[in-house]
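As structure tokens, the structure follows; a few thoughts come after it.
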Amino acid sequence: MRKIVAAIISITVFVILTYFFITSSAPINYTTGGQYINPITHEHSNQSVPQQYLKDSKKDTGASNVVTAIVVEYRGFDTLGEVTVLFTAATGIALLLDELKRRNVPHDEPNFIVKVGSIVVLPFIVVVGTYIFIHGHLTPGGGFPGGAVIASGFLLLLLVHTNRGLPERKLSVTESIAGMTYALIGLLGLVFAHEFLENYLPLGTFTYLFSAGIIPLIYIAIGFKVGSELGGILHNLKGVHEE
Amino acid sequence: MMIFTVISWILAVLVIAPAIYAVESKDLLSAAIAAGFADLAAAILFLVLQAPDVAITQAAIGAGITLAVFVYAIRRTERWEK
């Protein structure tokens, strides 16, 4: 009986949402006579926001990946907030699960294939992760995916070495230094370019590795930070007591 | 265009079917693995929809790290749902 009611409710919600999606598929009309209007300041322009990003991001930021240009340059302050959210989550997990480390659960030994395979695969995982966050301004990817790939390398280490954890202290030092680097780059923007997280380095040649000003520096800091944070989360969840 | 539609439908089924199994299953370990499979199919779907940035993140976090987090949590608690 409960399942039938749940099915009826979910189908009803699906139908209603689909109906609204179909009927309101025409874009909201902020335009009058070919002009786009900013709904807050009522300024006029002949470009919508996506058009402006696609057209100006090369000139403004020098990054060939427009997603990165938006995430790090135009919306850099939001990214700082996201990093802070992840930091808070990791700290909360470390606080809550500290108790677990005193109650060790016995682990089974992994088999031979996993042990030898990890030696072969681990360097490639780390190199791919590093590549993803160093080339964040040129190719798809960036600090968050690269850090997550490196953390999955940490996960492989945790799965293979069943009775050991990760070096917690080194991870937290790396994380703190990376986070401070991000904030410091932003504050230097306040000194040299009169705005927080504003670009103050030369843009360089488009599509080259050393280009796009502060974007690669910020993404390297984020890559280190996310990798060490997710590694710390996995270490705490595994809960190995190590002195 | 035709191939794109067919691939999208296949991937949609591959996302939705494991998700329903993950909700309904009483075995939490297989539910976690089904959720990881749904995440992996979603990553491929993002790649087909030309969002490689999101696809990389989804594959690394959804199919890799979240699954490990669930498995570690199940190891600490119980495998079977009451």
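A quick note: this is a predicted structure, and the numbers were derived from the prediction, not measured. Here is how names work: the chains are called A, B, and so on, in the same order as the sequence lines, proteins then strands, and each is numbered from 1.
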*Pairwise distance CD1(Ile7(B)) to CG(Leu49(B)) - rounded to 0.5 angstrom*: 11.0 Å
*Is there any residue in residues 141-150 of chain A with a non-hydrogen atom under 4.5 Å from a non-hydrogen atom of chain B, and which ones are they?*
Gly141(A), Pro145(A), Ala148(A), Val149(A)
_Part of residues 110-130 of chain A lying next to chain B, heavy-atom separation under 4.5 Å_ = none
*Working to the nearest 0.5 Å, report the span between CD of Gln52(A) and CG of Leu54(A).*
10.5 Å
*Check the pair Tyr182(A), Ile222(A) against side-chain contact (heavy atoms from CB on, under 4.5 Å), reporting the backbone distance first and the verdict last.*
CA-CA 7 Å; Tyr182(A) 189 1; Ile222(A) 293 178; 4.0 Å; yes
*If we ignore angles and hydrogens, is there a donor and acceptor under 3.5 Å between the side chains of Asp39(B) and Gln58(B)?*
yes
*Less than 4.5 Å apart, any side-chain heavy atom of Leu234(A) and any of Leu166(A)?*
no
_NZ or CZ of Lys58(A) within 45° of Phe206(A) ring axis and under 6.0 Å_ = yes
*Rounded to the nearest 0.5 Å, what separation is found between the OH atom of Tyr72(B) and the CG atom of Leu155(A)?*
5.5 Å
Contacts table for residues 22-33 of chain B: side-chain donor-acceptor under 3.5 angstrom, sequence neighbours left out:
unit_1	atom_1	unit_2	atom_2	d
Glu24(B)	OE1	Lys3(A)	NZ	3.0
Ser25(B)	OG	Asp27(B)	N	3.1
Ser25(B)	OG	Asp27(B)	O	3.1
Asp27(B)	OD1	Leu29(B)	N	3.2
Asp27(B)	OD1	Arg79(B)	NE	3.0
Asp27(B)	OD2	Arg79(B)	NH2	3.0
Ser30(B)	OG	Tyr21(B)	OH	3.4
Ser30(B)	OG	Asp27(B)	O	3.1

*Closest contact, heavy atoms only, Lys225(A) versus Gly179(A)*: CD-CA, 3.7 Å
*Looking at Thr57(B), Val71(B), Val54(B), which makes the most heavy-atom pairs under 4.5 Å with chain A?*
Thr57(B)
Output a table of donor-acceptor pairs, distance under 3.5 Å, between side-chain atoms of residues 131-139 of chain A and any protein atom two or more places apart or on a different chain; print 'none' if there are none.
unit_1	atom_1	unit_2	atom_2	d
His135(A)	ND1	Tyr131(A)	O	3.3
His137(A)	NE2	Leu209(A)	O	2.8
Thr139(A)	OG1	His135(A)	O	3.2

